[in-house]
Amino acid sequence: MDVWDEARTHLDGLPGGGGLNIAFEAVDRHVAHGRGEAIAFRFVAADFSIRTVTFAELMRQTNRFANVLGTLGVGAGDMVFAFADRRPEVYVAALGCLKVRGVFSALFASLGEQALQSRLAKGLGKALITVAPLYARRVAPIRAALPLLRHVLIAGDDASSAGTLDLDRLMQEADDTFSIPPTDPEDPAFVHFTSGTRGSPKGVVHVHAAAIAHHSTAASVLGLRSDDVLWCTADPGWVLGTSYGLIAPLLHGVETLIDEDAFDATRAYRIIQDHKVSVLYTTPTAIRVMMTAGSRLARTFDLSSLRLIVSAGEALNPEAVRWGRQTFALDIHDTWWQTETGAIVIGTPAAEDVVLGTIGTAVPGIEAAVAHRRADGSVEIVRTSSEVGELVLSAGWPSMFRTYLGEPERYERSFSDGWYLTGDCVCRTADGRFSFVARADEVIKSAGQLIGPSEVEACLLEYPGVAEVGAVGTPDPIIGEAVKVFVVLHDGVAADETLRVAMIEFARHHLGADMAPREIAFCRDLPKTRSGKIVRSLLKARELGLPEGAFDFDDLDDSLPA
């Protein structure tokens with residue numbers, strides 16, 4: 001029995017051999033096992049008021065939503081979208097949609113009209129859950145251009161918009177019992193839209209079998225226990241917020257905390273203290289917010305319930321790990337995975353210490369290697385340690401994406417010789433630990449040397465007063481590319497020529513002359529995706545004066561200047 005077959009035995013499967021359905025495994029299974037009164041969700045509103053939802057109530061609510069969809073003629077294979085903030089209706093809708101074998105996609109509530117329209121159109125959306133203000137501002141102006149969007153369900157108090165349905169009323173009228181039909185593990189379950197830095201957004205399709213990987217990795221990397229309280233700070237519009245803010249903890253019967261307000265260090269510490277959060281899964285951006293607020297603030301709260309802090313989204317620099325040790329007496333564990341992988345692929349298990357500068361080892365069941373692409377498109381696996389190459393994964397794990405929505409050719413180009421080509425450059429130590437270098441198209445090629453921008457950024461983040469760093473390569477007639485970094489300073493730190501020279505000398509001392517930046521530019525903010533990644537390619541495009549219209553700004557964090 002291989003790793004994934006063994007992992008499958010930890011899930012029940014639908015009664016009577018009816019296959020595998022994520023919603024059944026995440027909700028109904030626990031009720032059947034006598035844990036219906038255990039808390040599934042704890043929603044924290046902006047004013048800190050609380051709403052808890054037990055597994056029994058969640059089963060009834062998701063059954064109601066499944067029946068609502070049935071009355072609307074929405075069923076197997078139909079796309080259901082949510083366009084709202086982190087509110088209970090979004091999570092109920094996701095699970096209820098899976099019960100009817102529909103396909104669910106959560107969208108960021110900050111998307112503009114054009115971005116929203118492109119995603120609804122690409123997904124052939126049949127139903128949309130949203131709230132009245134978003135409907136009036138973003139959905140109503142594009143409704144006529146979406147003839148396949150038959151139903152718009154408005155959640156909340158003001159549900160009187162013409163041409164829409166009152167979700168609360170429909171839920172009250174619906175039956176709270178539902179029999180989940182047989183579900184093939186290969187039936188589509190989720191579509192996550194991801195756009196990277198160029199081109200139209202990709203619709204990444206995942207299936208019900210992904211639950212096997214969600215359950216397995218939550219055990220091996222997060223070490224989830226039945227008494228845990230897990231808080232994943234990500235929005236379900238990003239795969240992290242679905243895979244580990246919704247599915248994985250529920251599969252383990254673990255209480256999941258959802259904060260409906262924006263992330264803030266003081267608020268975060270109060271939530272951890274008041275609700276005894278034991279596992280925090282967050283992003284480097286959120287960690288930098290906490291670092292900027294300072295260790296002294298953290299020490300004013302009782303954070304002793306925390307046993308694990310985990311990060312995803314971009315490489316975590318050693319300074320952040322050291323800060324976590326100083327502030328929380330805990331390692332901050334990095335994890336590497338992508339929307340396409342659906343679940344954690346590389347990480348340091350909860351019980352192990354973090355090795356600075358690494359993201360960990362491949363999780364059980366994943367075969368990961370370092371490779372070079374040949375001119376004919378095939379791959380050559382690198383056998384020596386410490387050599388930089390592209391991270392490739394042997395295809396076939398349960399949460400591997402099954403296609404790009406409407407783009408089968410694009411999907412096929414993601415594989416070669418049985419390997420999934422991640423597009424990320426890494427190196428691996430002799431004991432199997434991986435270190436992230438850069439996206440393949442972000443590696444700086446200087447005087448014949450490959451320089452990973454993350455290594456340069458990690459060095460300068462060690463310099464006092466530095467909050468954020470983005471490193472790119474700029475054309476140089478002699479060495480090909482020179483390193484230039486963009487630096488955001490902490491409040492109260494003066495950006496002047498003395499500081500610039502001192503930082504360059506600091507980098508030369510720690511990295512060497514070849515890797516150190518030739519130029520440093522101070523700026524107020526760096527462009528980031530909503531998942532917190534610094535968009536280096538956009539920094540480079542602006543530096544080179546390239547047209548920015550080639551970039552998908554809809555994936556950028558609109559709280560920062562574009």
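Treat the numbers as computed from the prediction; the structure is a model and nothing was measured.
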Q | Pair R267 + D259, salt bridge at N-O below 4.0 Å | A | yes

Q. F104 vs F190 aromatic rings, parallel, tilted or perpendicular, using cut-offs 30° and 60°?
A. perpendicular

Q.
Does either side chain, that of H510 or that of E462, offer a donor lying less than 3.5 Å from an acceptor on the other one?
A. no

Q) In terms of side-chain heavy atoms, does Y463 have a donor or acceptor partner in E319 at a distance below 3.5 Å? A) no

Q | Salt-bridge contact E407-K122 (side-chain N to carboxylate O under 4.0 Å) | A | yes

Q) Between Y404 and E340, is any side-chain donor less than 3.5 angstrom from a side-chain acceptor? A) yes

Q) Backbone N or O of V354 within a donor-acceptor pair of the D331 side chain at under 3.5 Å? A) yes

Q. Should the pair E468-R288 be classified as a salt bridge under the 4.0 Å nitrogen-to-oxygen rule?
A. yes

Q | Any donor-acceptor N or O pair under 3.5 Å, side chains S295, W323 | A | yes

Q: Return yes if some donor-acceptor pair links the side-chain N/O of T256 with the main-chain N/O of P249 below 3.5 Å, else return no.
A: no

Q. Is it the case that S378 and R374 place a side-chain donor and acceptor less than 3.5 Å from each other?
A. yes

Q: For S243 and H214, test the side chains for any donor-to-acceptor distance below 3.5 angstrom and give the result as yes or no.
A: yes

Q) Heavy atoms, side chains only, cut-off 4.5 Å: are E543 and K484 in contact? A) yes

**Q.** Exercise: do E457 and S454 side chains pair donor with acceptor under 3.5 Å
**A.** no

Q) Side chains of S394 and Y420: is there a donor and an acceptor less than 3.5 Å apart? A) no

Q | Exam field: side chain D417 to backbone V379, donor-acceptor pair closer than 3.5 Å | A | yes

**Q.** Donor + acceptor pair across side chains of T217, Y244 (<3.5 Å)
**A.** yes

Q. Got a sec, which residues hit salt bridge (Lys or Arg N to Asp or Glu O under 4.0 Å) with R413, two or more places apart in sequence or on another chain?
A. none

